[in-house]
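Reviewing the structure listed below.
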Amino acid sequence: DGGITQSPKYLFRKEGQNVTLSCEQNLNHDAMYWYRQDPGQGLRLIYYSQIVNDFQKGDIAEGYSVSREKKESFPLTVTSAQKNPTAFYLCASSGLIYGYTFGSGTRLTVV
Amino acid sequence: QKEVEQNSGPLSVPEGAIASLNCTYSDRVSQSFFWYRQYSGKSPELIMSIYSNGDKEDGRFTAQLNKASQYVSLLIRDSQPSDSATYLCAVNRETSYDKVIFGPGTSLSVIP
């Protein structure tokens with residue numbers, strides 16, 4: 001079945017560490033996105049990519065980085081520069097129509 | 001003014017009633033409108049999309065769009081406890097299919 005796979009489901013980060021969240025899709029979608037969701041809040045766009053080897057900053061890109069070397073993959077790195085990274089991270093993809101398909105999310109906690 | 005606003009919750013309705021969820025948006029050139037359902041601790045799931053003025057029905061769900069008023073709503077008929085979730089309104093702020101903006105969500109609780 002087609003879909004989006006995010007891993008890991010839970011991730012713990014120590015102060016000063018960089019961590020990478022994985023996102024893989026087999027829907028043949030061109031566009032992929034990373035969102036952050038804080039408790040009781042809506043979704044905020046971190047980065048998005050419309051084609052391989054190209055990506056754009058969203059509304060809250062500071063402290064994050066991405067790459068898009070393959071159409072299927074769009075990993076997100078949370079760097080040590082992100083001072084408040086504890087949140088629920090959602091990866092999504094979209095084709096030409098029908099909105100977004102989301103992965104199951106990664107819950108990141110700073111310890 | 002926020003780009004996408006939704007009626008503040010939580011919204012509680014008795015089982016079998018109609019739940020009405022509202023959303024307004026600020027960008028007049030918005031073209032595509034979506035409703036997502038998000039259960040607690042889970043990722044959002046697309047339940048309705050609407051692109052032209054009027055009503056669109058899918059089972060117990062009806063989406064209504066009024067571009068002149070910059071307003072989109074979701075009606076849930078015969079509400080069930082399994083409908084209890086947060087409902088996110090999403091709007092394309094450009095004519096392309098990306099750059100969807102999400103509202104803050106409205107929490108719905110259906111009381112048995």
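Every chain is numbered from 1, with letters handed out A, B, ... down the list of sequences. Hydrogens, waters and symmetry mates play no part in the numbers below; they use all other heavy atoms, side chains included.
- In the hydrophobic clustering of this structure, A/V78 does not group with A/L45; members are Ile, Leu, Val, Met, Phe, Trp, Tyr whose side-chain heavy atoms approach within less than 4.5 Å, directly or through other members.
- Considering only heavy atoms from C-beta on, B/P44 comes within 4.5 Å of A/L43 through its side chain.
- Between B/F102 and A/Y35, the ring center distance clears the sub-6.0 Å criterion.
- Looking at A/R44, there are no atoms closer than 4.5 Å to chain B (heavy atoms on both sides), in backbone or side chain.
- Linking ILVMFWY side-chain heavy atoms closer than 4.5 Å, directly or via other members, places B/F61 and B/L108 in a single hydrophobic cluster.
- Without hydrogens or angle criteria, B/S43 side chain to A/G105 main chain gives no donor-acceptor distance under 3.5 Å.
- B/I76 and B/L65 fall within a single hydrophobic cluster, where Ile, Leu, Val, Met, Phe, Trp and Tyr side chains are chained together by heavy-atom contacts under 4.5 Å.
- Only the side chain of A/Q37 comes within less than 4.5 Å of a heavy atom of chain B; its backbone N, CA, C and O stay farther away.
- Using a distance-only test at 3.5 Å, with no hydrogens or angles considered, no donor-acceptor pair links the side chain of A/Y100 to the main chain of B/L46.
- Around the CD atom of A/E62, the shell of radius 6.0 Å holds no more than 12 heavy atoms that belong to other residues, nucleotides or ligands.
- Residues A/F88 and B/V100 share a hydrophobic cluster, clusters being chains of Ile/Leu/Val/Met/Phe/Trp/Tyr side chains in contact below 4.5 Å.
- If you chain together hydrophobic residues whose side chains sit under 4.5 Å apart, A/Y48 and A/I60 never meet in one group.
- Looking at B/Q38, the atoms closer than 4.5 Å to chain A (heavy atoms on both sides) all sit in the side chain, from C-beta outward.
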